[in-house]
Amino acid sequence: MGVDVGGTKTRIDLVGRNGHHSRLIPSQAWRKEADTVRSADMISLADQIRGFLSDCDGRPDTDQGTTALCLGLHGADSPRQLSLADRTLGANLPGWRLRVVNDAELLGPAAGIDRALNLVVGTGTVAVGRSAGDSLLRADGYGYGWLLSDFGSAPALVREAVREIIRYSTVHGEQAAMEDPFTQDLLTRLEAHDLYQLTVAFGSLAGEKAWGDMAPLFFSSLKSGSAIADRTLDQAVERLGQSISSIVSRGAQGDQVVAAGGVITHQPVMAERLSNLLDECSPRPLHLCLLKNPPALGALRMARDLLFDGA
């Protein structure tokens, strides 16, 4: 079994005696806190998994030792959180072979690549890789979140673009900032009449979803020639490149950067700029690969390896 727990959706996949089955459920149906790991939530997830298995396989459980489960868990950003999830699931799924990883680690296996540099750029941002000795290496996305970090993500792009409006106004004057397409579009969206009203209105909406929902406005303004959006995107891509460079310099293996997440997969301009920057991120050639398969298939592949390796 493979489970991909995202911030908003959870996908459970099963390959068993009756074929391949999949179920998609809202994460909030079983999880009270999406950005951390709680024992109560893991118990609820175990109930969801058992129920899905029963529905698909016609029985409440499988023989002990014959079921392997890999869980990719959004919000599991530290060894302590991963250990808590593993222990709690193990106690509630006795006899199962388990592996719990951060959801970003599903990308390479989902693309069929054993050693990849995994990059998520969507609601949040994280770069993850493994050393030759299988140590986990991460950059950004340690749970710092949309308010202070997650550069390149949907809410962070809008956050940084608003900061760039302020900088642009300081350097080029308020009128120049007001005339930029991004500023104009945001003024209309927030029903503001000047930069002071804009910043107050934007701050009052502070939230991952509220700011993230304005990302399409950011990219439409970019297409309209916004210098503010253009500079902001360049800075975001540079930060993503720094994250890749960081894990490579610490020993992360692989030459394929497997990227997923709603922002980078749906915005070719970001993917193109990052691809052009990768040569500066590593002494070895790196190539950008946008993931086309569901990450849950990576969890299935890791579960299959877990089962056969333990046989």
Side-chain angles (χ1 to χ4, degrees), residues 1-112 118 120 122-123 260-262 291-311:
M1 296 187 72
V3 181
D4 174 28
V5 175
T8 57
K9 297 185 291 290
T10 295
R11 174 166 164 165
I12 307 174
D13 278 65
L14 166 69
V15 175
R17 59 182 182 178
N18 294 327
H20 187 169
H21 305 274
S22 181
R23 176 175 291 173
L24 190 66
I25 58 175
S27 293
Q28 66 182 13
W30 61 269
R31 195 178 196 185
K32 289 188 176 180
E33 295 186 36
D35 294 324
T36 189
V37 178
R38 300 170 66 250
S39 294
D41 288 341
M42 292 300 101
I43 293 171
S44 295
L45 178 59
D47 290 340
Q48 292 281 346
I49 291 169
R50 279 196 302 267
F52 175 61
L53 179 61
S54 179
D55 291 343
C56 295
D57 231 25
R59 51 181 171 165
D61 209 335
T62 58
D63 297 333
Q64 289 193 353
T66 63
T67 301
L69 168 69
C70 177
L71 168 65
L73 183 58
H74 173 83
D77 295 299
S78 71
R80 181 189 62 80
Q81 291 171 320
L82 290 168
S83 177
L84 175 60
D86 185 79
R87 290 196 314 272
T88 307
L89 281 179
N92 287 272
L93 300 171
W96 290 36
R97 296 174 184 174
L98 300 174
R99 184 176 183 189
V100 181
V101 298
N102 181 272
D103 57 337
E105 287 202 80
L106 304 181
L107 306 188
N118 306 288
V120 174
T123 304
L291 184 65
K292 295 180 173 60
N293 298 325
L297 298 187
L300 269 182
R301 185 181 179 201
M302 294 172 76
R304 188 179 296 113
D305 292 344
L306 183 66
L307 186 61
F308 292 152
D309 289 347

*Asks:* Just by distance, do the side chain of D41 and the backbone of K32 share a donor-acceptor pair under 3.5 Å?
*Replies:*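 Such a contact is found between D41 side chain and K32 backbone.
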*Asks:* Does a side-chain heavy-atom distance below 4.5 Å link V101 with M302?
*Replies:* yes
*Asks:* Within the 4.5 Å heavy-atom criterion, are W30 and I49 side-chain neighbours or not?
*Replies:*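 When only atoms from C-beta onward are counted, I49 and W30 do not touch, as no gap falls below 4.5 Å.
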*Asks:* Could you state the interatomic distance from CZ (F52) to CG (D47), rounded to the nearest 0.5 Å?
*Replies:*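 It comes to 15.0 Å.
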*Asks:* Between R50 and S54, does any side-chain donor sit less than 3.5 Å from a side-chain acceptor?
*Replies:*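 No, no side-chain donor-acceptor contact under 3.5 Å.
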*Asks:* For E33, does its backbone N or O pair with a side-chain atom of R31 as donor and acceptor, under 3.5 Å?
*Replies:* yes
*Asks:* Can you measure from CG (L297) to CZ (R304) and round to the nearest 0.5 angstrom?
*Replies:* 9.0 Å
*Asks:* Can you tell me how far the CG atom of L53 sits from the NE2 atom of H21, to the nearest 0.5 Å?
*Replies:* 10.0 Å
*Asks:* Scan side-chain atoms only and decide if D4 and H74 contain a donor-acceptor pair under the 3.5 Å cut-off.
*Replies:* no
*Asks:* Does the N92 side chain pair with the main chain of A46, one donor and one acceptor, at a distance under 3.5 Å?
*Replies:*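 Checked: no pair found.
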*Asks:* Under the rule for side chain to side chain donor-acceptor pair (under 3.5 Å), what residues qualify as partners of S39, not counting sequence neighbours?
*Replies:* none
*Asks:* Can you measure from CG (L106) to CG (L73) and round to the nearest 0.5 angstrom?
*Replies:* 10.0 Å
*Asks:* Could you go through D13 and H20, starting from their C-alpha distance and side-chain angles, then the distance that decides it, and tell me whether this counts as side chain to side chain donor-acceptor pair (under 3.5 Å)?
*Replies:* CA-CA 7 Å; D13 278 65; H20 187 169; 2.7 Å; yes
*Asks:* Provide the closest heavy-atom pair for A76 versus N102 in the form atom of the first, atom of the second, distance.
*Replies:* O-ND2, 3.0 Å
*Asks:* State the CG-CE distance between L93 and M1, to the nearest 0.5 angstrom.
*Replies:*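 L93 atom CG to M1 atom CE measures 8.5 Å (nearest 0.5 Å).
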*Asks:* Quick check against the 3.5 Å criterion: does D86 have a side-chain atom that pairs as donor or acceptor with the backbone of L82?
*Replies:*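 No; zero donor-acceptor contacts below 3.5 Å.
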*Asks:* Considering residues at least two apart in sequence or located in another chain, which fulfil the side chain to side chain donor-acceptor pair (under 3.5 Å) criterion with S27?
*Replies:* T10
*Asks:* How far apart are the closest heavy atoms of N118 and A104, and which atoms are they?
*Replies:* CB-O, 3.3 Å
*Asks:* To the nearest 0.5 Å, what is the distance between SG (C70) and CG (L98)?
*Replies:* 9.5 Å
*Asks:* Please give me the minimum heavy-atom distance between L306 and L69, naming the atom from each residue.
*Replies:* CD2-O, 4.0 Å
*Asks:* Are the side chain of Q81 and the backbone N or O of D77 linked by a donor-acceptor pair below 3.5 Å?
*Replies:* yes
*Asks:* Just by modelled atom types, is the I12 backbone N or O under 3.5 Å from a matching donor or acceptor in the R23 side chain?
*Replies:* no
*Asks:* Which heavy atom in A110 sits nearest to a heavy atom in P295, and how many Å separate them?
*Replies:* CB-CA, 4.0 Å
*Asks:* Quick one: closest heavy-atom pair of V100 and A85, and the distance?
*Replies:*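 Heavy-atom minimum between the residues: CG1-CB, 4.0 Å.
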*Asks:* Apply side chain to side chain contact (heavy atoms under 4.5 Å, CB included) to the pair T88 and I43, showing each step before the final yes or no.
*Replies:* CA-CA 7 Å; T88 307; I43 293 171; 3.8 Å; yes
*Asks:* Once side-chain contact (heavy atoms from CB on, under 4.5 Å) is applied, do any residues pair with K9, and if so which ones, sequence neighbours excluded?
*Replies:*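 Applying side-chain contact (heavy atoms from CB on, under 4.5 Å) to K9 gives L24.
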*Asks:* Tell me, with the steps shown, if T67 and R97 meet side chain to side chain contact (heavy atoms under 4.5 Å, CB included).
*Replies:* CA-CA 6 Å; T67 301; R97 296 174 184 174; over 6 Å; no
*Asks:* Could you tell me which non-hydrogen atom of G108 sits nearest to which non-hydrogen atom of R301, and how far apart they are?
*Replies:*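 That closest heavy-atom pairing would be O-NH1, 4.4 Å.
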